[in-house]
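Since the structure comes first, as structure tokens, the remarks are kept for the end.
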Amino acid sequence: MSHDHVAIYPGSFDPITNGHVDLVKRTLRVFDKIVVAIATNPGKDGSLFTVPERLQMVREVFKNLRGRVQADCFDGLLVDYAERKRATVIIRGLRAISDFEYEFQMAMMNHRLKPKLETFFMMTGESEFYISSRLVKEVVSLGGDVSGLVPGNVLKQLKQKLPQQGQKL
Ligand code: PNS
């Protein structure tokens with residue numbers, strides 16, 4: 001149905017979690033190619049990882065799916081980036097009802113800006129619905145164990161990065 005269509009999966013990915021990974025893998029059942037697109041200006045200051053670090057982690061996670069999953073970054077409006085990539089679909093994950101209002105607003109705004117671009121929502125997997133990059137960083141910074149919630153390379157990077165930051169987020 002949607003073969004040859006590129007799906008864009010935008011986000012901060014600071015860092016990528018197993019929730020994101022699960023979503024990408026399930027999306028690949030429907031779409032041939034996905035671009036994991038890291039926003040460089042999502043309106044959030046204080047990212048833990050730089051954009052090159054986040055890109056590198058995403059590339060490492062999907063190194064066995066290189067033909068189908070591409071990691072990229074963009075600034076400016078998501079809809080303009082999607083147009084440059086000739087994408088027709090934006091993928092977003094929904095974890096819980098609390099995500100809905102924010103996601104609904106973004107989807108509506110993006111639709112108003114580019115009506116031909118559709119947003120598809122995927123429910124996050126049942127084992128991942130409580131995982132967020134923010135919580136993962138908080139738990140690691142306070143000495144908690146997040147193994148199993150993020151890919152192995154990300155866990156290593158988190159442990160290296162957080163002590164350097166004086167355990168602060
Ligand atoms: O992972 P996040 O932080 O929830 O992702 C939010 C993101 C990056 C998808 C959103 O902030 C975004 O699309 N930023 C790009 C700028 C833009 O287009 N803003 C208008 C959105 S309606």
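For reference, positions follow the sequence shown, starting with 1. Order of listing sets the numbers, starting from 1, for every ligand and every atom in it.
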In this structure, does ligand 1 have an atom that sits under 4.0 Å from one of the heavy atoms of [X]?
X   : value
R92 : yes
G76 : yes
F74 : yes

Discussion item. Considering only residues two or more places apart or on different chains, which pairs with a residue in residues 122-133 satisfy side-chain hydrogen bond (donor to acceptor under 3.5 Å, both in side chains)?
Written reply: none
Fill in: Pair E83 + K116, salt bridge at N-O below 4.0 Å
no
Worksheet item: Using the ring of each side chain (for Trp, its six-membered ring), is F104 parallel, tilted or perpendicular to F100, with breaks at 30° and 60°?
Response: parallel
I'd like to check which ligand 1 atoms, numbered from 1 as shown, lie under 4.0 Å from a non-hydrogen atom of [X].
X    : answer
L78  : 13 (O), 17 (C), 18 (O)
M109 : 22 (S)
S12  : 1 (O), 2 (P), 3 (O), 5 (O)
A39  : 8 (C)

Worksheet item: Are the side chain of R92 and the backbone N or O of F120 linked by a donor-acceptor pair below 3.5 Å?
Response: no
Worksheet item: Is it true that a side-chain atom of R68 and a backbone atom of D32 form a donor plus acceptor pair closer than 3.5 Å?
Response: yes
Worksheet item: For ligand 1, is any non-hydrogen atom under 4.0 Å from F13's backbone (N, CA, C, O), its side chain (CB onward), both, or neither?
Response: neither
Worksheet item: Taking the six-membered ring for Trp, are H20 and F13 ring centroids under 6.0 Å apart?
Response: yes
Worksheet item: If hydrogens are left out, which of H20, E103, M106, Q105 has an atom nearest to atom 10 (C) of ligand 1, that is, the closest non-hydrogen atom?
Response: M106
Worksheet item: Taking both backbone and side-chain atoms of Y102, is any N or O found less than 3.5 Å from an N or O belonging to ligand 1?
Response: yes
Discussion item. Just by distance, no angles: are the side chains of Y81 and D72 close enough, under 3.5 Å, to form a donor-acceptor pair?
Written reply: yes
